[in-house]
Trainee: 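Sharing a structure, written as structure tokens. Questions coming.
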Amino acid sequence: MSDIKTRYLLVGFSVAGWWCARAIRERDRNGKIVALTKENGVYSPPLITYYLGNKVSTIDYRSGWMENLDLELVPGGEAKKLERENNRLILASGESFVFEKALIATGGLPIVPPIPGREVTGVFTLTTPRDMQEIREFMKFQEGERVTILGGGFIGLKTAEAFMELGVKITLVELANRLLQNMVDERGSYYLEKALERAGLEVIKEDTVSEFQSREGKLSGALLQSGKYLPGNLAVVAIGVHPNIDWLQGSGIELGRGVIVDEFQESKRAGIFAAGDVAETKNLITGERNVVAVWPEAVKQGKIAGENMAGNRLSYPGSLPVNTVSVGEVTLVSAGLVNPPAGDFEFLTTVSDDSYRKLVLKDGYLVGVILVNRIEKAGVYINLIRQKVKVESFKDRLLKEDFGMINLPAEYRKHLVEGASIEV
Amino acid sequence: MAKSLLFPEFKVVRDENRCIACQVCVRQCANDVHIYDEEDDQVYSQEETCVGCQRCVTLCPTRALEVTKKEAGMRPNANWSINHLRNLYKQAETGGVLLTGMGCSEDYPIYWDHLLLNASQVTNPSIDPLREPIEIKTFLGRKEEFLDTDWEEEPPVLKTQLAPQLELSVPIMFSAMSYGSISYNAFRSLAEAAQEIGTFCNSGEGGLHPDFYLFGGNIIVQVASGRFGVHPGYLRAAAAVEIKIGQGAKPGIGGHLPGEKVSPDVSRTRKIPVGSDAISPAPHHDIYSIEDLERLILAIKEATNYKKPVSVKIAAVHNVAAIASGVVRAGADIVAIDGIRGGTGAAPQVIRDNVGIPIELALAQVDERLRREGIRHRASLVIAGGIRSSSDIIKAIALGADAVYIGTAALVALGCHLCQKCYTGKCNWGIATQDPYLTKRLNPNIGKRRLVALLHAWSAEIKEMLGGMGVNALESLRGNREHLRAVGLSREEREILGVKAAGEGW
Amino acid sequence: MKRIRIHEEYCIGCRLCEINCLVKHSRSGKIIKAFRGEEPRSLPRVRVEEEGYLSFALQCRHCDDAPCLENCPTGAMYRDEETQAVLCDEDKCIGCWMCIMSCPLGVIQRERKTKKVASKCDLCRGEEIPVCVKNCPNEALAYE
Ligand SMILES: Cc1cc2nc3c(=O)[nH]c(=O)nc-3n(C[C@H](O)[C@H](O)[C@H](O)COP(=O)(O)OP(=O)(O)OC[C@H]3O[C@@H](n4cnc5c(N)ncnc54)[C@H](O)[C@@H]3O)c2cc1C
Ligand code: SF4
Ligand code: SF4
Ligand code: SF4
Ligand code: SF4
């Protein structure tokens, strides 16, 4: 088969890929763009759990800004190998592409630990449309009365939220002594766990599944490390995702936990960029390299990569973990450093029966925020973190009832309010 | 403390069917009349402190409010009016001089309303201002007795050196209202409007805020007995200098800016400490005669290189004609006369309402006297004190004025509702206050626009009236009392005004 | 695009902008009914912030690179072709609050029960002059 030539090749066409394409198009109207995706359409990953929970009728992502991107989408185009010496990529189908610039945006894959019995029917993961379809199919025939969810982190909770909508009895198993330990602090977990309890969820902490037991190849129950046994024919392993980089072995791209990129989102191989859940970047606050697998960072990194692929030289200030979860009656927002190591950190908090807000400060700057239920000003705090605005002089007002833009330094406020656009 | 016998002056009527408890009134009233009760989710009012400024009524989005004069339930008494009773109670309680703001509100005759204008019929054609130009431009300053011209040259050359003049595109100026008595935004509105229209505003006795030096070409600066903010730069920045001897609202007494209105910015402008009362003495302590005045006029002319007209402002008092004559002889280029209805930011009520004479009579007498003495040309006459409309202005011109000052009318255009509480510093309309919460209420862009609109409207009306009389230049009307006739006036009043009775022909 | 400009030096904190915005987005569109007859009362999309002598009315800036739109996973947040306003399609909105987390001005409000974006300025959808601007007594808001 002969090579297909393209100026830009996007390997993976999801959040990071979309915004990369859009950024390229703003600078280069005509350069050919080819986008590969393993799936069949353009979908929004977060909608997977909502679709399962019957809260949306499609997971397709469509928005006005995506029109006129003028690119060639290759559905089912799974990349298999990137040649070490050439800018040449070979698909599982055998097709090959020769490119000038490429973006690696293959996202993440669910982590499934080697638990005995993990391959039996009834044990699933839930991060792709295929997973979701399989669970749906499964539930059509099997009265799923109880689902065991392994993992009390973000994906575990999203999964739990979906099953709550379906009226299934849920048991959440978490190894740590509290839920959502990466996103919130102990008090935050407490509010979450209380809300789950009120919603009728069973939470088992400091325990994990040691074996999925089956009868005739079908799940019959999960045996926990503690010896506890959870009968049931449905389980979801939701302990997280890791960057989808195995296919890059031998390509000469430097790999850590993910694809290692510099501040221009460029990998060690010139002209090959990476963005989104697959990329390993510097953390905005700590400077440590890590993978921050959230949507907003995928957008930002994708845009930076696209700009740079099309000839610009923009740098990415660093990744900021930001996320929000709503389950039952509780809504949480978390950003930045929420469980800082010992050191000179200052904490501002307000606590009430149904809300909790905590700000983490260092050297007069905001570096982390946890909000439980009172989340309306979340974006204001997060932007203060992103823009590295010194908050020392008005920190006493940050948690006031009516805190708002008015409390911010005049120049910053005016920049935001008057300036038509907000910096990426 | 015993309960006050004073009864509320105003009644706040809230239509409960319309009130939505949005609390606009609560936020807008600087007198704390409206109170929101969270428990009841209702707004209530306490009328005691209401001054009737109508701010809440104007802003209420459902028109649920009405503020009206409260009828006192006492037996009507022509002698002991409610106003007298109120003042008696107040003074028996406070033991103090009663202060007030704005101009005299007593029911003295308003002669403008007894004067009627003429119009052309058959024997002389009237002019359509939309088809033919009508000139209302006005020059203020000393005019020459005769002009020495070299007719030999081509074109001929004027040899006489003309005295400095103020050129006004309309015969209307904004009268002296100091920054301090009015807000920064109010002053800014006046200055910007004056500049746009091509006329002048007056700094009053409060000095000039640095920002307003920019408008110097359209500002007359005042030198008053307190000499606040007066320095060479101040005199040089202005288009003309006015020595303030008296003010119609309070002839014979000095000025008083309460400490509440002396904000940091006002203090810098006036060069006095923040929060201290700014007291202007009753007389200038260096002027006890016409000769003393002459020296000050000369000093100012010297300081400004004889480039700027000097005006002298006096209140209309009984002997005004003789005083004006002296002022002209002392070298004033402009004499400004302020009548009994002239406004103020603060004055004792008893003075405001009882001292001085109506401007119409003063004007007629001064013009008459200066003509008789052959010195009318040596100074322009500007009159002030209760000018309310373009017809007042045109009548004033016919009576002999060169131009008028408007104060109250300008403030009303800016939103003033004549509550007369200027002296409290709590003007709800953001005009006569320095409270930063209140001053914001006057957006100078809106203020300027409204003033400019007002002057445009009045100019158009003046032109209409002139056209109707068959006069194509305001100059031709000046002092031409044949264009006026009096109705409902006694023979004496007509004589003083120099105006024939309505019905008399030429 | 035309945007609402804020002139904070002239904002007098009267909140007529809030009141009129609420009415505009009420069911009846009539002021007295919107306040006294409609439960729950609709929400204003503009909020007056106040501190000391300073106040201003803040509503969505309809940012060029609107983070709320970029981060909305459903495409509910979209840009109107005609007016360039950033609008929320309530049918699509799932109440994930990614937009709230992204808006640097904090001008999006949520409806907890229905889990939808409850209030976000829509530039009064097609009004020639937005009602907050039109009803500001002091021109502290301008549409230009
Ligand atoms: C269920 C779920 C809920 C989520 N909820 C939130 C949330 O609420 N908030 C939040 O911030 N983030 C959330 N996330 C994370 C968020 O979706 C990701 O951060 C974001 O999608 C990352 O985008 P990406 O483009 O990097 O990769 P992905 O979205 O993972 O997309 C990967 C793309 O690569 C393609 N691909 C993979 N392998 C290959 C290959 N070999 N060849 C070609 N193409 C390939 C895939 O087809 C896909 O197009 C959620 C994720 C999931 C799964
Ligand atoms: S209507 Fe205007 S002045 Fe009143 S609060 Fe709103 S922006 Fe401020
Ligand atoms: S909601 Fe916030 S982020 Fe979105 S366009 Fe408006 S101001 Fe910008
Ligand atoms: S809450 Fe609604 S509008 Fe906001 S990001 Fe989520 S889906 Fe989009
Ligand atoms: S433009 Fe309309 S929707 Fe937006 S804040 Fe103003 S009144 Fe409300």
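Chain letters run A, B, ... following the sequence lines, proteins first and then strands; every chain starts at 1.
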Trainee: What pair of heavy atoms forms the shortest contact from C/Pro104 to A/Met405, and how long is it?
Mentor: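 Looks like O-SD, 3.6 Å.
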Trainee: Which atoms of A/Ser57 come close to chain C, meaning under 4.5 Å heavy atom to heavy atom: side chain ones, backbone ones, both, or neither?
Mentor: neither
Trainee: Could you tell me which of A/Leu408, A/Val15, A/Thr331 has the largest number of non-hydrogen atom pairs under 4.5 Å with chain C?
Mentor: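 Of the options given, most contacts go to A/Thr331.
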Trainee: What part of A/Pro46 lies closer than 4.5 angstrom to a heavy atom of chain C: side chain, backbone, both or neither?
Mentor: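 When you check distances to chain C, only side chain atoms of A/Pro46 fall under 4.5 Å.
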Trainee: For A/Glu297, is it the side chain, the backbone, both or neither that has a heavy atom under 4.5 Å from a heavy atom of chain C?
Mentor: neither
Trainee: Which heavy-atom pair separates C/Glu49 from A/Lys377 by the least distance, and what is that distance?
Mentor: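 Looking at all heavy atoms of both residues, the shortest contact is OE2-NZ, 4.0 Å.
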Trainee: Given C/Met101, which partner from the list A/Val369, A/Ile375, A/Val322 fulfils the side chain to side chain contact (heavy atoms under 4.5 Å, CB included) test?
Mentor: A/Val322
Trainee: Can you tell which part of C/Cys96 gets under 4.5 Å to a heavy atom of chain A, answering side chain, backbone, both or neither?
Mentor: both
Trainee: Would you compute the distance between atom CG of C/Leu54 and atom CZ of A/Arg413 and round it to the nearest 0.5 angstrom?
Mentor: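 The distance works out to 5.0 Å.
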Trainee: Tell me, please, which residues at least two apart from A/Lys395 pass side chain to side chain donor-acceptor pair (under 3.5 Å).
Mentor: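 Only A/Glu346, A/Glu392 meet the side chain to side chain donor-acceptor pair (under 3.5 Å) criterion with A/Lys395.
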Trainee: Looking at chain C, which one of A/Asp402, A/Val299, A/Thr324 has the largest number of heavy-atom pairs inside 4.5 Å, strictly under?
Mentor: A/Thr324
Trainee: If every non-hydrogen atom of C/Asn71 is compared with every non-hydrogen atom of A/Trp295, which pair is closest and at what distance?
Mentor: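 The answer is CA-NE1, 3.4 Å.
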Trainee: Of the non-hydrogen atoms in C/Leu105 and A/Val380, which two are nearest, and what is the gap between them?
Mentor: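 Minimum heavy-atom separation between C/Leu105 and A/Val380: C-CG2, 3.5 Å.
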Trainee: Among A/Lys300, A/Lys303, A/Arg22, whose side-chain hydrogen bond (donor to acceptor under 3.5 Å, both in side chains) with C/Glu70 holds?
Mentor: A/Lys303
Trainee: If you round to the nearest 0.5 Å, how far is CG of A/Leu371 from CD1 of C/Ile100?
Mentor: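 Output value for this atom pair is 11.0 Å.
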Trainee: What distance do C/Glu50 atom CD and A/Ile406 atom CD1 have between them, rounded to the nearest 0.5 Å?
Mentor: 7.0 Å
Trainee: Heavy-atom pairs under 4.5 Å with chain A are the metric here; pick the option from C/Arg79, C/Arg110, C/Lys115 that has the most.
Mentor: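 Top count of heavy-atom pairs under 4.5 Å with chain A: C/Arg110.
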Trainee: Measure the OG1-CD1 distance between A/Thr49 and C/Ile94 for me, rounded to the nearest 0.5 Å.
Mentor: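 The CD1 atom of C/Ile94 is 7.5 Å from OG1 of A/Thr49, to the nearest 0.5 Å.
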Trainee: Just wondering, are more than 12 heavy atoms of other shown residues or ligands nearer than 6.0 Å to CD in A/Glu329?
Mentor: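 No, the 6.0 Å shell around CD holds no more than 12 heavy atoms from other groups.
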Trainee: Just verifying a value: how many Å separate A/Arg386 CZ and C/Ser102 OG, rounded to the nearest 0.5 Å?
Mentor: 8.0 Å
Trainee: Indicate every side-chain donor-acceptor pair of residues 59-69 of chain A with a distance under 3.5 Å to a residue at least two apart or in another chain.
Mentor:
residue : atom : partner : partner atom : Å
A/Tyr61 : OH   : A/Trp65 : NE1          : 3.1

Trainee: Does C/Glu144, at its CD atom, have more than 12 non-hydrogen atoms belonging to other residues, nucleotides or ligands within less than 6.0 Å?
Mentor: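 Correct, the count exceeds 12.
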Trainee: Between the side chains of C/Glu51 and A/Lys400, is the shortest nitrogen-to-carboxylate-oxygen separation below 4.0 Å, so that they form an ion pair?
Mentor: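 The answer is yes: the pair qualifies as a salt bridge.
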